[in-house]
Amino acid sequence: MIKISLGGCNPFVKKAEYDAYLGKAFAAFDELQGEKGAGNDFLGWKTLPVDTPESLIAGCEAVRDDWKALGVNLVVVIGIGGSYLGARCAIEALSHQFLPAEGAPRVVFAGNNLSEDYLAELMDLVEKSNAACVVISKSGTTTEPAVAFRIVKVYLDKTYKDSARRIVAITDAKKGALKTLATQEGYRTFVVPDDVGGRYSVLTPVGLLPIVLAGFDIRAMLKGAADEREALLSKAEGNAAIQYAAMRNLLYSEKGKKVEILVSFDPRLQYLGEWWKQLYGESEGKEGRGIYPASVIFTTDLHSMGQFIQEGDRVMFETTVKVENAKRSVVIGSDEGNLDQLNYLAGQHVEHCNRMAQLGTKLAHIDGGVPQIEVSMDRVDEYNLGAIFYFFEFACGVSAYLLGINPFNQPGVEAYKKNMFALLRKPGYEAQTEEILKRI
């Protein structure tokens, strides 16, 4: 299960201050659990770990097995934001960092940008592969994934007689352009639940299908999330999500800490940071409020961002995701010449050095005025990823309610779209085009 340590905040926070915010977090917990707060029609994610039917899991595995029979060796997953970040996080974390997976296709992602070079190079790969596609969109008209899907679909239709068999749509149950197209073309479909927002959707087919296709165990992931859910149902001081929400809001509201940096000392968790940034940034950044989410990978980023974190503007605190157990074993050898002066480490595991770097960094950053929260998971596997996904989702709901924010809407993301549509002269937006052109 996910554990939390707040000891790295003790030099900055008095017990009475924390106790006051713990009380506020309990009230926010009640608001989330009572399902009467703002955005309460988007709480379906809370029970996904225990409500996901076996038929859905079997449906994901059936696609995997069918595409294996076709010899598919490349799957393009098309989506943006929550429609790809959770799956990418899990796949990047679970995959070998250098070698291709055995017995599973390569999974790549598109529809999360509008770069022409990116799409051209994606198609270079598609044209050299036995390809299939998962397209994820509630509406089917979101610009970035719609553009990518149109390009990929044209190629698949031109190249394969069975192209409809090679496309799966994850979309609305009843309406929308993608649902209409899937019905017309005969694509297999999975449903994006109406009561689950995109950034909370990793444990729906949005995340589960790509993770299965990459060769990983979603049953174990759901079990980890279910066990974490059970642990977080208790309204107690030991509830890790309540503690996290209380401390981060105290640091923000009372100590001037406007930036939270999610830290990992394991490069496999880079996309956990990307997923977490969307979850907290889109959930809390509203009405002139919210903690700015950033992420780093140490020790790598200690040689780029380390100076600023150590001695720059004191606006930040760090939350470190600690992995207790490495999967592999590498021991540092001895060298007679010792020109690199590393013989003092001979016989030590590399992970021992990583642990000491983590502890040394924690102490240095505390001395530099940066409070430290530590969130621990046992190891990087499907079970523990399910647990940490659920932990951060639940804690986000509590934290946003404590802040007085609706965690489940995102009105601000529409602003750039309206301007972009006007500049592209999309039908219905022409009246705004000239006004916008005057401003740029």
Side-chain angles (χ1 to χ4, degrees), residues 1-8 88-102 214-217 220-221 224 227-228 240 244 261-276 294-307 309-310 317-368 370-389 391-392:
M1 298 288 47
I2 303 304
K3 300 175 183 177
I4 190 167
S5 171
L6 302 178
R88 186 160 191 177
C89 167
I91 293 168
E92 296 265 350
L94 297 169
S95 296
H96 193 288
Q97 294 176 79
F98 302 102
L99 297 176
E102 294 184 9
F216 301 112
D217 185 356
M221 186 169 289
D227 287 351
E228 185 64 22
Y244 178 55
I261 305 175
L262 192 78
V263 176
S264 175
F265 282 73
D266 190 328
R268 291 173 298 173
L269 297 182
Q270 177 183 350
Y271 266 87
L272 177 66
E274 299 303 313
W275 172 83
W276 171 88
S295 64
V296 293
I297 295 293
F298 289 161
T299 60
T300 303
D301 291 329
L302 287 172
H303 294 259
S304 57
M305 295 297 293
Q307 173 62 42
I309 294 171
Q310 186 69 44
F317 65 97
E318 291 178 308
T319 297
T320 298
V321 177
K322 180 180 178 183
V323 179
E324 297 285 357
N325 294 292
K327 287 183 176 181
R328 305 288 294 275
S329 174
V330 178
V331 175
I332 300 169
S334 179
D335 181 81
E336 185 175 347
N338 194 31
L339 292 177
D340 55 12
Q341 301 180 40
L342 286 180
N343 275 355
Y344 77 100
L345 294 176
Q348 294 283 3
H349 286 267
V350 173
E351 189 58 28
H352 171 74
C353 301
N354 201 29
R355 296 278 177 85
M356 296 306 100
Q358 182 171 330
L359 181 57
T361 302
K362 177 180 179 178
L363 295 174
H365 287 183
I366 289 172
D367 291 343
V370 183
Q372 302 287 304
I373 298 172
E374 189 173 271
V375 173
S376 300
M377 57 193 292
D378 179 56
R379 64 188 68 242
V380 180
D381 59 14
E382 292 95 329
Y383 178 88
N384 283 281
L385 282 172
I388 204 157
F389 281 143
F391 165 78
F392 276 129

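Being a predicted model, the structure only gives us computed values, none of them experimental.
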Do the side chains of Leu345 and Cys353 get nearer than 4.5 Å, heavy atoms only? yes
Heavy-atom count around Met305 CE within 6.0 Å, excluding the residue itself: above 12? no
Side chains of Asp227 and Tyr383, donor plus acceptor under 3.5 Å: yes
Heavy-atom closest contact (Ala364 atom, Gln310 atom, distance): O-NE2, 2.8 Å
Please check if the side chain of Thr320 supplies one atom and the backbone of Lys322 the other of a donor-acceptor pair under 3.5 Å. no
Step by step, work out the side chain to side chain contact (heavy atoms under 4.5 Å, CB included) result for Val323 and Leu269. CA-CA 10 Å; Val323 179; Leu269 297 182; 3.8 Å; yes
I'd like to know if the side chain of Gln270 reaches the main chain of Ile297, judged simply by a donor and an acceptor atom lying under 3.5 Å from each other, with no hydrogens or angles considered. no
Which atom pair, heavy atoms only, marks the closest approach of Met1 to Gly224? CE-O, 4.0 Å
Taking the side chain as every heavy atom from C-beta outward, state whether Asn338 and Asp340 have any pair of such atoms under 4.5 Å apart. yes
Between the side chain of Lys327 and the main-chain N/O of Val380, is any donor-acceptor distance below 3.5 Å? yes
For the atom pair CD1 (Ile388) and OG (Ser376), what is the distance rounded to the nearest 0.5 Å? 9.0 Å
Please give me the minimum heavy-atom distance between Trp276 and Ala294, naming the atom from each residue. CZ3-O, 3.2 Å
How about Gln97: does its CD atom have over 12 heavy atoms from other parts shown lying under 6.0 Å from it? yes
Note, His365 side chain near Gln372 side chain (heavy atom, < 4.5 Å): yes
In Å and rounded to the nearest 0.5 Å, what is the CH2 to OG distance from Trp275 to Ser295? 12.5 Å
Between the main-chain N or O of Asp335 and the side-chain N or O of Asn343, is there a donor-acceptor pair closer than 3.5 Å? yes
Check whether any side-chain heavy atom of Phe216 lies under 4.5 Å from a side-chain heavy atom of Leu385, and answer yes or no. no
Under 3.5 Å, side chain of Asp301 to main-chain N/O of Val296, donor-acceptor pair present? no
Candidate pair Glu374 and Gln358, rule side chain to side chain contact (heavy atoms under 4.5 Å, CB included), full reasoning: CA-CA 11 Å; Glu374 189 173 271; Gln358 182 171 330; 3.8 Å; yes
Okay, side chain of Glu382, backbone of Asp217: is any donor-acceptor separation there less than 3.5 Å? yes
Considering non-hydrogen atoms only, spot the tightest contact between Thr299 and Ala357 and give its length. CG2-CB, 3.7 Å
Contact check, side chains of Phe391 and Met377, non-hydrogen atoms, under 4.5 Å: no
Who passes ring pair (Phe, Tyr, Trp, His ring centres under 6.0 Å) against Phe265, sequence neighbours left out? Phe298
Non-neighbouring partners of Ser329 that pass side-chain hydrogen bond (donor to acceptor under 3.5 Å, both in side chains), sequence neighbours left out: His349
Closest non-hydrogen contact found for Lys362 with Gly8 is CE-CA, 4.3 Å
Starting at CZ of Arg88, measure out to CG of Leu272 and round the result to the nearest 0.5 Å. 14.0 Å
Any non-hydrogen side-chain atom of Leu359 less than 4.5 Å from a side-chain atom of Arg355? no
Quick one: are Tyr244 and Thr319 in side-chain contact, heavy atoms under 4.5 Å? yes
